[in-house]
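Report on the structure given below.
Chain letters run A, B, ... following the sequence lines, proteins first, then strands; residues in each count from 1.
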There are 2 protein chains.
Amino acid sequence: MKKVTIHEIAEILNIDSSTVSRALNDSDRVNSKTKKKVLKKAEELGYRPNLLASNLRQNKSNTIGVVVPRISRSFFSSAIAGIEEMAHNADFNVVISQSLEKHKREQKIVNNLFSNRVDGILISVSMETETSSHLEILERAGVPFVFFDRHCSDMRNSNKVLIDDFAGAYEAVSHLIRNNCKRIVHFSGPQTLEIYKNRLAGYKKALESYGIPFDPKLVITSNLMQEDGKRMAGKLIKTESAIDAIFAANDLAAIGAMKYLKSIDKKIPEDIAIVGFSNEPVSEMIEPSLTTLDQLGFEIGKISCSLLLDKIQVKDNESENKTIILKPNLIIRDSSQKKGSL
Amino acid sequence: MKKVTIHEIAEILNIDSSTVSRALNDSDRVNSKTKKKVLKKAEELGYRPNLLASNLRQNKSNTIGVVVPRISRSFFSSAIAGIEEMAHNADFNVVISQSLEKHKREQKIVNNLFSNRVDGILISVSMETETSSHLEILERAGVPFVFFDRHCSDMRNSNKVLIDDFAGAYEAVSHLIRNNCKRIVHFSGPQTLEIYKNRLAGYKKALESYGIPFDPKLVITSNLMQEDGKRMAGKLIKTESAIDAIFAANDLAAIGAMKYLKSIDKKIPEDIAIVGFSNEPVSEMIEPSLTTLDQLGFEIGKISCSLLLDKIQVKDNESENKTIILKPNLIIRDSSQKKGSL
DNA sequence: TGTATTTATACAATCGTTTGTATTAAAATT
DNA sequence: AATTTTAATACAAACGATTGTATAAATACA
């Protein structure tokens with residue numbers, strides 16, 4: 001019923017607890033016969049080390065904390081898979097928390113991770129997060145952290161692994177243009193988030209490159225839920241009859257639009273071509289399958305974790321901060337390829 | 001750079017650390033003026049309690065551990081959402097781990113949670129897990145745990161919150177029959193798993209209730225991937241031309257079948273009605289939207305967490321173990337309702 | 001005024017480890 | 001045989017909080 005400690009083992013074997021500790025940690029300061037006795041007794045009693053005590057003493061936890069907006073989003077669960085693979089290889093534990101896009105919860109989580117003395121933190125901030133003040137505590141105490149995908153732009157000097165949203169958007173829109181689309185709508189997200197700003201910028205740049213004038217009426221901002229996609233598509237069809245493509249800043253909004261357009265008998269991609277962003281699993285299941293940008297979740301997870309582990313291991317805490325940028329992959333499916341195009 | 005402790009605060013204010021501790025915990029044994037001084041200084045120095053030390057001393061962590069096969073499965077992420085809601089209300093923290101369906105990893109996770117002295121554990125076991133031996137350590141030390149959805153059937157007496165797969169399948173098939181379906185195919189899963197056995201049994205029972213003879217040729221077992229669904233549908237169309245409905249033991253296989261049937265111009269639900277199982281998000285996004293059984297992930301999460309919190313709070317550890325069984329909800333969508341039926 | 005009570009704080013032990021230093025006995029070296 | 005070295009273990013102080021008990025000063029009561 002009570003939890004077994006090294007002291008009990010020590011008492012039973014009539015040796016000191018420090019010897020038991022060293023035996024369990026396979027130190028060469030203890031005789032191999034004693035080691036065997038200790039190991040046997042520990043096994044027998046079902047001994048499990050108290051990591052609270054151990055971590056407290058050693059001032060490290062061999063654990064990294066991960067903070068994401070939602071674990072259910074495919075990009076984030078893939079990233080977590082990558083993080084766990086890398087961390088477990090290095091014999092680190094991983095604890096996962098989700099902010100549910102709330103800044104308050106994110107703040108609480110960071111404080112809690114810090115209070116539990118994790119060795120480092122990987123974070124992708126919530127939509128509500130505008131400043132990095134809740135991370136100051138980490139800087140002050142020298143706890144290394146790495147942003148992935150979403151970062152705090154007010155923090156001039158930080159470690160981050162990002163997706164090149166600009167390049168992704170540019171490629172997506174270029175693809176649409178090469179498929180003979182001329183009036184291309186962009187569904188954009190909250191402009192507080194860097195990523196949506198960059199996707200919008202990539203959209204504009206692509207238009208410019210191909211000599212298509214930018215029309216602000218074709219950019220609509222929302223929270224990019226499926227319902228938003230439907231609603232926005234509905235509004236557009238009424239006011240802008242000539243549109244021939246939609247580039248949505250996420251898949252959900254793209255799918256919402258697609259459903260609405262199908263319901264009013266628009267053909268996709270013949271009448272209106274659609275491209276999403278994120279490569280959610282659903283994007284290849286719907287019909288027509290959705291062209292989208294894969295954000296390399298697993299890859300990002302691995303890379304950012306490896307960067308964090310580097311920071312943790314070199315205690316030289318003034319090592320240069322790093323920014324790594326990955327280009328998303330355009331996955332071309334059926335929703336964007338008008339026949340007769342190249 | 002160094003982490004702030006109560007001792008530093010004590011030294012600066014020239015008081016004892018025990019007073020600082022009591023001040024921070026708002027004890028009435030310390031003068032309100034002193035409290036204010038302490039709080040102000042703590043804030044100023046960016047003090048954050050060391051929970052390793054605090055939990056060690058108090059022999060509790062206010063944390064519950066959650067073990068699931070994969071966080072990316074919608075059912076599990078919903079369950080986690082339910083767990084977190086309930087836990088946070090009760091001021092408990094939640095740490096999430098995924099076994100990735102590996103028994104070895106599950107074992108490691110359980111040991112690690114125990115070593116970190118979580119107050120209780122919620123677990124849905126991996127596909128590979130056949131016995132409960134890796135949970136003995138919890139029983140021995142009196143750490144309460146609750147199974148949800150998937151449990152260890154070798155453990156005679158345990159706390160668990162389960163889905164009534166039999167009833168769900170029965171309801172799904174009854175629904176098809178009431179929609180004038182007579183030759184109903186069942187896509188079943190690995191018979192090693194309780195859940196698939198029960199779904200098959202529910203299917204049989206429904207047929208029996210409505211006086212439809214059971215035909216073993218209409219039951220096909222696979223791993224229920226999307227490809228399996230396609231393949232099985234293809235085979236069936238060739239050999240059993242009279243079929244008018246499919247009840248698949250998961251959504252993926254149902255969607256695979258649906259895609260194949262659409263590709264050969266079968267009308268759904270007019271020619272063939274389809275029902276899935278699990279209510280994956282994609283099931284309402286595809287067309288026609290898929291009738292399926294919702295497994296009440298959020299609900300299960302809340303209920304099992306509440307059960308666990310009860311066990312944690314009554315230290316009387318010989319309180320009766322509980323089994324709670326929830327009936328899944330049939331979500332009727334477009335894929336199963338033949339027109340002209342009731 | 002002297003004693004009892006209250007209030008505010010200090011002291012010290014504790015949680016379960018780890019780890020530097022001290023101790024003792026045995027082995028190796030001279 | 002005397003001394004040094006090595007090996008194996010014991011002792012004790014940490015890590016940072018909590019908490020029971022002791023103490024001192026201030027207030028209340030007689």
Side-chain angles (χ1 to χ4, degrees), chain A residues 2-39 41-42 45-63 111-112 114-119 137 141 143, chain B residues 2-39 41-42 45-63 111-112 114-119 137 141 143:
Chain A
K2 271 296 283 110
K3 281 155 194 162
V4 188
T5 71
I6 53 172
H7 298 294
E8 276 178 70
I9 297 178
E11 190 166 22
I12 294 176
L13 297 179
N14 222 18
I15 57 181
D16 191 82
S17 56
S18 62
T19 303
V20 174
S21 171
R22 290 194 167 95
L24 292 169
N25 289 310
D26 203 24
S27 153
D28 52 11
R29 273 178 62 178
V30 21
N31 183 293
S32 60
K33 259 178 165 168
T34 314
K35 269 187 203 172
K36 257 181 222 134
K37 270 199 307 188
V38 170
L39 256 35
K41 187 56 77 181
L45 299 178
Y47 169 80
R48 285 280 130 200
N50 184 328
L51 289 184
L52 296 177
S54 173
N55 293 340
L56 171 61
R57 179 58 228 256
Q58 298 186 96
N59 197 32
K60 65 179 178 71
S61 61
N62 253 272
T63 300
N111 281 334
N112 188 255
F114 178 81
S115 278
N116 278 296
R117 297 300 187 260
V118 295
D119 296 334
I137 185 179
V143 177
Chain B
K2 269 298 280 109
K3 280 156 195 160
V4 188
T5 71
I6 52 171
H7 300 293
E8 276 177 70
I9 298 178
E11 191 167 20
I12 293 175
L13 298 178
N14 222 17
I15 58 181
D16 191 80
S17 57
S18 62
T19 302
V20 174
S21 171
R22 290 193 167 96
L24 291 168
N25 289 310
D26 202 23
S27 154
D28 52 10
R29 274 179 60 179
V30 22
N31 182 293
S32 61
K33 257 179 165 170
T34 315
K35 269 187 204 172
K36 257 180 225 136
K37 269 199 308 189
V38 170
L39 256 36
K41 187 57 77 179
L45 298 178
Y47 169 80
R48 283 282 128 199
N50 184 328
L51 289 183
L52 296 176
S54 173
N55 293 339
L56 171 61
R57 177 59 226 257
Q58 299 186 93
N59 197 32
K60 64 180 179 69
S61 60
N62 254 273
T63 300
N111 280 334
N112 188 255
F114 177 81
S115 278
N116 278 297
R117 296 300 186 261
V118 294
D119 296 334
I137 185 178
V143 176

Fill in the blank from the handout: A:Lys3 atom NZ is separated from C:dT17 atom C1', nearest whole Å, by 16 Å
Practice task
Could you check B:Thr34 against A:Val4 and say which one's nearest nucleotide on DNA chain C is further toward the 5' end?
Solution key: B:Thr34
Practice task
Check every strand shown and say whether A:Leu52 touches a base, only sugar-phosphate, or nothing at a heavy-atom separation below 4.0 Å.
Solution key: nothing
Practice task
Check every strand shown and say whether A:Ser54 touches a base, only sugar-phosphate, or nothing at a heavy-atom separation below 4.0 Å.
Solution key: sugar-phosphate
Fill in the blank from the handout: Separation of D:dT18 atom P from B:Arg117 atom CZ, nearest Å, is 19 Å
Problem - Side-chain N,O (B:Thr19) to OP1/OP2 (C:dA8) below 4.0 Å - result: no
Exercise for the section: Starting from P on D:dG16, measure out to CG on B:Asn55 and report it in whole angstrom. Expected result: 15 Å
Exercise for the section: Ignoring hydrogens and angles, answer whether the base of D:dC11 and the side-chain atoms of A:Ser18 contain a donor-acceptor pair closer than 3.5 Å. Expected result: yes
Practice task
Rounded to the nearest 0.5 Å, what's the gap from CG on A:Asn50 to CG on B:Asn116? Could you check?
Solution key: 8.5 Å
Problem - Between C:dG16 (P) and A:Leu24 (CG): distance, integer Å - result: 15 Å
Exercise for the section: When you get a sec, tell me which of C:dG16, D:dT18, D:dA10 is the closest nucleotide to the side chain of A:Ile15? Expected result: D:dA10
Practice task
Send over the distance from A:Asn62 CG to C:dT17 P, rounded to a whole Å.
Solution key: 17 Å
Exercise for the section: Specify the separation, in whole Å, of atom CG of B:Asn50 and atom C1' of D:dA17. Expected result: 7 Å
Handout entry: A:Asn31 side chain near D:dA8 phosphate (N/O to OP1/OP2, under 4.0 Å)
Key = yes
Practice task
Would you please say whether a donor-acceptor pair under 3.5 Å links the side chains of B:Ser18 and B:Asp16?
Solution key: yes
Exercise for the section: Classify the nucleic acid contact of B:Asn14 as base, sugar-phosphate or nothing, counting any heavy atom under 4.0 Å across all strands shown. Expected result: sugar-phosphate
Problem - Touch class at under 4.0 angstrom, heavy-atom based, for A:Asp16 against every strand present - result: base
Handout entry: Short side-chain to backbone donor-acceptor contact, B:Thr63 and B:Ser61, under 3.5 Å
Key = yes
Exercise for the section: To the nearest Å, give me how far apart CG (B:Asp26) and P (C:dA8) are. Expected result: 13 Å
Handout entry: B:Asn59 or B:Ser17, whichever maps to the more 5' nucleotide of DNA chain C
Key = B:Ser17
Problem - Separation of D:dT21 P from B:Arg22 CZ (nearest whole Å) - result: 12 Å
Practice task
Assign A:Ser21 to base, sugar-phosphate, or nothing according to its heavy-atom contacts below 4.0 angstrom with the strands shown.
Solution key: base
Practice task
Please evaluate the base of C:dT21 for a donor-acceptor partner in the side chain of A:Arg29 within a cut-off of under 3.5 Å?
Solution key: yes
Handout entry: Under 3.5 Å donor-acceptor, A:Ser115 side chain and B:Pro49 backbone
Key = yes
Practice task
Indicate yes or no for a side-chain donor-acceptor contact from A:Lys35 to the backbone of A:Ser27 under 3.5 Å, with no hydrogens or angles considered.
Solution key: yes
